[in-house]
Amino acid sequence: MKEQKALQQIRQQIDDIDLHIQQLLNKRTALAQEVAKVKIENGESTNFYRPDREAMVLRTLMERNEGPLAAQEVARLFREIMSACLAAEQPLQVAYLGPEGSFTQAAAQKHFGGSVELQSVSTIANVFRAVETEHACYGVVPVENSSEGVISHTLDRFITSPLKINGEVTLPIHHYLLGKAASLQDITHVYAHPQALAQCRQWLGDQLPQVELIPLDSNSEAAKRVATMGASAAAIAASNAAEIYGLQVLANNIEDESDNTTRFLVIGAKDVGPSGVDKTALLVATKNKSGALQNLLKPLAESGISMTRIESRPSRKGIWEYVFFIDIEGHIDEQPVAEALERLEQESSMFRILGSYPKAVL
Ligand SMILES: C=C(O[C@@H]1C=C(C(=O)O)C=C[C@H]1O)C(=O)O
């Protein structure tokens, strides 16, 4: 009886707080709508998304958090609040490498929250096209995996696309073997994206040494296909693909590296302002790979700008032997970065800034 009363009192307090939270959320939404009005008055387009501002809001929340809610949880909740506020200004269309249930969809959701309109697109090239043709405001594509390296399809599209990098998302990746087989012995074919096949190479070699491995455009495409096939077919995909396509989980966490992580890029048509903790991606070419590369990178080293990644790819244009994808820390609007890049540009035969964007917060 006493316990019941105590619970009742606590729940009354929770109800009161919920009322306040709800009123405050509606006030916050109304203010976001006011921001939208001001943006329209200033002649901005109806794309109100500001990744720099959102990153700043999330970082501030995490820094000042005193618990008992974990900072990561607070950020996740506010990610959703901002997503809802933005949708109340104007819903965003975001194209991602599908089909439904793909890791890229999970990355898009993690970055934009649940209130955006997600559009499933069949290839990386089509994600770029959807944004280039303004069928979507933003796109999300995978760019590198911690165990398998770079996704060259994505990098190669930047050589010809005018789009900018507006953000990054990192996602821990766990692979599942999905299908209808009663036992692993019944499986003769395994379908998946080449990256997933590579990330599970050892497990497949140990557990299914005889099967034929068939590469497809995406893991969820593999799950979708396997759903129409007999019990000898299996797919490697994310766990949520099992539910979406009505398949059984035959084995879980089959990736060879337990800390397997994929990094995704958010692409858009516009530049993003500085958020205080940013990265800049460059596309640079030299005529002579070995000698010129050192000169190219000297301005960065001399300005103390840290380079977080360099990747070389064949230029595909014939004029240059190689192009380099370089990631550095800092935003192009910061003076030391701008100065170093000006010098770097002088050393290169082609130079493009693919975008300055906030470092992933979540
Ligand atoms: C409200 C704004 O618009 C959007 C919504 C935001 C929010 O809910 O805090 C932040 C940035 C924008 O994506 C704004 O620009 O401040």
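As a basis for the values below, the full set of heavy atoms in this structure was taken, side chains included, without hydrogen atoms, waters or symmetry mates. Because the structure is a prediction, the values reported are computed rather than measured. Ligands are counted one by one from 1 in listed order, and the atoms in each one are counted from 1 as well.
At the shortest separation from atom 9 (O) of ligand 1 among protein heavy atoms lies Arg28 NH2, 2.9 Å.
Under the 4.0 Å criterion applied to side-chain N and carboxylate O atoms, Arg309 and Glu311 are assigned as salt-bridge partners. Using a cut-off of 4.0 Å between Lys/Arg side-chain N and Asp/Glu carboxylate O, Glu132 and Arg157 are scored as salt-bridged. A salt bridge does not link Asp278 with Lys359: every distance from a Lys NZ or Arg NE/NH1/NH2 to an Asp or Glu carboxylate oxygen is 4.0 Å or more.
For the pair Ser220 (side chain) and Gly101 (backbone), a donor-acceptor distance under 3.5 Å is absent.
The closest approach between Leu86 and ligand 1 falls below 4.0 Å for a heavy atom of the residue.
Atoms of ligand 1 lying under 4.0 Å from at least one heavy atom of Cys85, given by number and element, are 8 (O). Atoms of ligand 1 lying under 4.0 Å from at least one heavy atom of Met82, given by number and element, are 7 (C), 8 (O), 9 (O).
Using bins of under 30°, 30° to 60° and over 60° for the plane-to-plane angle, the ring pair Phe128/Phe158 lands in the perpendicular bin.
Scanning Arg53, Glu89, Arg50 for the heavy atom closest to atom 2 (C) of ligand 1 points to Glu89. When the heavy atoms of Arg79, Glu54, Met56, Lys39 are ranked by distance to atom 6 (C) of ligand 1, first place goes to Glu54.
In this structure, the side chains of Ile328 and Val337 come closer than 4.5 Å at one or more pairs of heavy atoms.
When non-hydrogen atoms are compared, ligand 1 lies under 4.0 Å from the backbone of Tyr49 as well as from its side chain.
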